Amino acid sequence: MNYWLMKSEPGVFGIDDLAREPGGRAAWDGVRNYQARNFMREMKRGDQALFYHSSCATPGVVGRMTIVREAYPDPTQFDPDDPHYDARSPRESPRWSVVDVEFAQRFTDTVTLARLRAEPTLSELLILRRGNRLSVTPLDRAQWEGILALARAS
DNA sequence: GCCAACGTTGGC
DNA sequence: GCCAACGTTGGC
């Protein structure tokens with residue numbers, strides 16, 4: 001099993017939006033960065049992911065979800081009315097992928113970015129790296145457990 | 001709103 | 001292939 005951290009702006013699509021979807025399931029669409037896309041293509045059904053709220057008053061990890069469908073073409077890349085439309089993505093070999101995620105838990109309290117930075121054992125977290133902008137990053141098991149422990153402790 | 005960091009684009 | 005310009009991300 002693999003562990004991931006996935007960012008989204010709560011003003012666009014937050015964890016409460018995911019929880020409200022039918023079955024708590026949604027396609028994680030709109031990713032337009034090759035490195036992030038490649039990580040999504042590595043995801044396996046049953047992998048676990050943390051939901052991170054970015055560009056908001058209190059950025060941080062707000063809950064967790066499960067990968068329920070492995071990578072397939074992102075339909076929004078072919079939709080001219082979608083903000084993530086990509087006119088240069090070939091139909092026969094789509095450039096962008098999505099995975100389907102399923103809501104698992106919303107933490108009572110956000111594990112804030114400040115709290116993550118204050119935790120010495122999480123110093124290698126990719127999202128804490130200076131200038132990091134990747135919206136999808138892998139976690140190792142210790143990081144996953146560490147963040148869940150912080151969520152339980154709050 | 002500001003700004004640092006980074007990815008992408010496009011001229012050459 | 002280089003690199004300047006530009007756009008985006010995301011914390012503050």
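Reminder, nothing fancy here: chain letters follow the sequence lines and each chain counts from 1. Predicted, not measured: the structure shown is a model, and the values here were computed from it.
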Distance, nearest 0.5 Å, that separates CD1 of A:Ile127 from CZ of A:Arg129: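 Here the interatomic distance stands at 11.5 Å.
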
Under the ring pair (Phe, Tyr, Trp, His ring centres under 6.0 Å) rule, what pairs show up with a residue in residues 60-91 of chain A, not counting sequence neighbours?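 The answer is none; no pair qualifies.
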
Ring pair (Phe, Tyr, Trp, His ring centres under 6.0 Å) partners of residues 104-154 of chain A, not counting sequence neighbours, each pair once: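 Listed once each, the pairs are A:Tyr3-A:Trp144.
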
Would you classify A:Arg32 as touching base, sugar-phosphate or nothing, given that sugar-phosphate means primed atoms plus P, OP1 and OP2, and contacts are heavy atoms under 4.0 Å?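 Nothing, no heavy atom under 4.0 Å.
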
Across the strands shown, which category fits A:Ser54 at heavy-atom distances under 4.0 angstrom: base, sugar-phosphate, nothing?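 If one applies the 4.0 Å heavy-atom cut-off, A:Ser54 turns out to touch the sugar-phosphate alone, with no base involved.
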
Salt bridge check: are [X] and [Y] linked by an N-O gap of less than 4.0 Å?
| X | Y | answer |
| --- | --- | --- |
| A:Glu102 | A:Arg25 | yes |
| A:Asp86 | A:Arg32 | no |
| A:Arg20 | A:Asp17 | yes |

Show me the side-chain donor-acceptor pairs of residues 130-140 of chain A shorter than 3.5 Å, one per line, residues at least two apart or across chains.
| residue | atom | partner | partner atom | Å |
| --- | --- | --- | --- | --- |
| A:Asn132 | OD1 | A:Leu134 | N | 3.4 |
| A:Asp140 | OD1 | A:Ala142 | N | 3.2 |
| A:Asp140 | OD1 | A:Gln143 | N | 2.8 |

Going 5' to 3' along DNA chain B, which nucleotides are the first and last within contact of chain A (any atom under 4.0 Å from a heavy atom)?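 Extent of the interface on DNA chain B: B:dA5 to B:dT9.
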
Can you sort out which residues in residues 125-136 of chain A have a heavy atom within less than 4.0 Å of DNA chain B? Ascending by number, please.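 A:Arg130, A:Gly131, A:Arg133, in order of number.
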
Under the salt bridge (charged side-chain N to carboxylate O under 4.0 Å, His left out) test, residues paired with A:Arg115 that sit two or more places apart: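 A:Arg115 satisfies salt bridge (charged side-chain N to carboxylate O under 4.0 Å, His left out) with A:Glu119 only.
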
